[in-house]
Amino acid sequence: MKKLTSLIIFVGLAFNVSGQDQPKNLKEVLQADWLIGTWETKNADGQVSSHTFSWKIEDVLMVKEYRVNGELQSFAIISLDVNEDKVLSHSYGNRRTSIGEMKVNGDKLVRTVNWKTKKLSKEQIESMAESYAANQLASGAVQEEGVEEAKQKARNYLQRTSGTRRHTYEKQGEDKMVMTHATKNTSGEFVARDPVTLTRKKE
């Protein structure tokens, strides 16, 4: 009788386990096949920026590369937290690392990250601020009277060692998407920059 009871329990347990939903992979949770590929934009100075999303392990692990004029600026690993079905992003750049989460709603993907960077010395900040202002002046982005304001803007940016950003990618067609960056200010509000239109690079 005990053997029969044990057998019934075992069969019932096996049935329940097999009837449960199987663990999902990254592709099933992310649901953003349209994102795969290289997306490019060119600014007024002819500088080409590109964002490439590709599978490192098919359906399981994705990578993102950000390049400017072909030179790698940052690299992100996109994976799935299998316990919570969350899509995580770990990004690495020259001075900065970030950890965040990606969520998809139809043709819109939102990537929110918490970043941190190495603290710079006052001399480094001043040198980089001078360089930034000089480049802005040379490109015509600012006039002579706006140089000091550009320097201060750069100083404020370079003095920060951590923060939160939100990157939104919205599909506008088969080969077009709009990207918007927003930074959380000291009041806890996201302040968005002007959106940028990217087109899919043809292979």
Side-chain angles (χ1 to χ4, degrees), residues 34-35 37-54 64-76 89 91-98 100 107-203:
W34 57 267
L35 198 62
T38 296
W39 303 83
E40 294 182 330
T41 186
K42 183 185 291 187
N43 65 16
D45 298 325
Q47 187 179 66
V48 177
S49 300
S50 67
H51 300 257
T52 300
F53 295 85
S54 61
K64 176 187 179 294
E65 296 177 50
Y66 171 58
R67 296 176 181 270
V68 175
N69 289 337
E71 293 187 8
L72 185 65
Q73 305 295 314
S74 66
F75 181 87
S89 170
S91 182
Y92 308 88
N94 292 331
R95 297 180 51 243
R96 180 173 301 187
T97 62
S98 70
D107 289 341
K108 180 185 288 187
L109 182 146
V110 178
R111 175 174 168 244
T112 305
V113 301
N114 295 311
W115 61 268
K116 62 181 180 179
T117 187
K118 183 179 179 181
K119 184 177 181 180
L120 298 172
S121 67
K122 291 182 179 179
E123 292 76 15
Q124 287 174 314
I125 290 174
E126 197 58 36
S127 175
M128 294 171 76
E130 290 276 356
S131 178
Y132 170 78
N135 288 335
Q136 290 291 95
L137 181 63
S139 67
V142 299
Q143 302 302 313
E144 192 68 45
E145 59 272 18
V147 168
E148 192 53 44
E149 183 180 349
K151 287 182 186 178
Q152 190 56 48
K153 178 182 176 182
R155 292 187 192 106
N156 293 342
Y157 174 80
L158 293 166
Q159 285 168 356
R160 296 188 65 183
T161 56
S162 63
T164 302
R165 279 188 173 177
R166 184 174 64 202
H167 310 272
T168 303
Y169 309 87
E170 188 166 8
K171 183 181 178 183
Q172 298 282 302
E174 189 62 31
D175 297 317
K176 176 183 174 184
M177 75 173 173
V178 174
M179 178 181 65
T180 306
H181 295 313
T183 301
K184 185 177 285 189
N185 61 21
T186 53
S187 300
E189 300 175 334
F190 280 104
V191 179
R193 291 158 57 182
D194 292 337
V196 175
T197 299
L198 300 100
T199 55
R200 189 192 299 274
K201 182 180 179 180
K202 300 296 185 181
E203 297 298 334

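This one's a predicted model, so the numbers in the text were calculated from it and none came from an experiment.
Between H181 and H51, the ring planes lie tilted relative to each other; the angle falls in the 30° to 60° range.
Between L72 and E65 the shortest side-chain heavy-atom distance falls below 4.5 Å. Looking at heavy atoms from C-beta onward, R96 lies out of side-chain contact with V113 at the 4.5 angstrom threshold.
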Let's go through E126 and K122 carefully: what are the C-alpha distance in whole Å and the side-chain angles of both, what is the deciding distance for side chain to side chain contact (heavy atoms under 4.5 Å, CB included) to 0.1 Å, and is it a yes or a no? CA-CA 6 Å; E126 197 58 36; K122 291 182 179 179; over 6 Å; no
Check step by step if side chain to side chain contact (heavy atoms under 4.5 Å, CB included) holds for W39 and M179. CA-CA 10 Å; W39 303 83; M179 178 181 65; over 6 Å; no
For the pair L35 and M177, evaluate side chain to side chain contact (heavy atoms under 4.5 Å, CB included) and give the outcome as yes or no after the intermediate values. CA-CA 9 Å; L35 198 62; M177 75 173 173; 4.1 Å; yes
Set out, in order, the CA-CA distance, both residues' side-chain angles and the distance that settles side chain to side chain contact (heavy atoms under 4.5 Å, CB included) for T97 and K116, then state yes or no. CA-CA 6 Å; T97 62; K116 62 181 180 179; 3.6 Å; yes
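Of all non-hydrogen atoms in P195 and V178, the two that sit nearest each other are CB-CG1, 3.6 Å. L137 and Q143 get closest at one heavy-atom pair: CD1-C, 3.8 Å. Considering every non-hydrogen atom in both Y132 and A154, the closest pair reads CD2-CB, 3.7 Å. The minimum heavy-atom distance between T183 and R165, with the atom names listed, is OG1-NE, 3.6 Å. The shortest non-hydrogen separation linking T41 to T197 is OG1-O, 3.2 Å.
Between atom NE2 of residue H167 and atom OG1 of residue T180 there is a gap of 11.5 Å, rounded to the nearest 0.5 Å. The distance from atom OH of Y92 to atom OG of S74, rounded to the nearest 0.5 Å, is 12.0 Å. We find the NZ-CE distance between K151 and M128 to be 15.0 Å, quoted to the nearest 0.5 Å. Y169 contributes atom OH, which lies 14.0 Å from atom NZ of K108 (distance to the nearest 0.5 angstrom). Here CZ of F190 is found 5.5 Å from OG1 of T112. Values are rounded to the nearest 0.5 Å. Note: T52 OG1 to R67 CZ = 7.0 Å, rounded to the nearest 0.5 Å.
E40 has no carboxylate O lying under 4.0 Å from a charged side-chain N of K42, or vice versa, which leaves the two without a salt bridge.
Other residues, nucleotides and ligands contribute only 12 or fewer heavy atoms inside 6.0 Å of the NZ atom of K153. Atom CD of E149 is surrounded by 12 or fewer heavy atoms from other residues, nucleotides or ligands within 6.0 Å.
A donor-acceptor pair shorter than 3.5 Å cannot be found between the side chains of T199 and D175.
Looking at R200, its side chain does come within 3.5 Å of a backbone N or O of W34 through a donor-acceptor pair. No donor-acceptor pair closer than 3.5 Å links the side chain of D45 to the backbone N or O of Q47.
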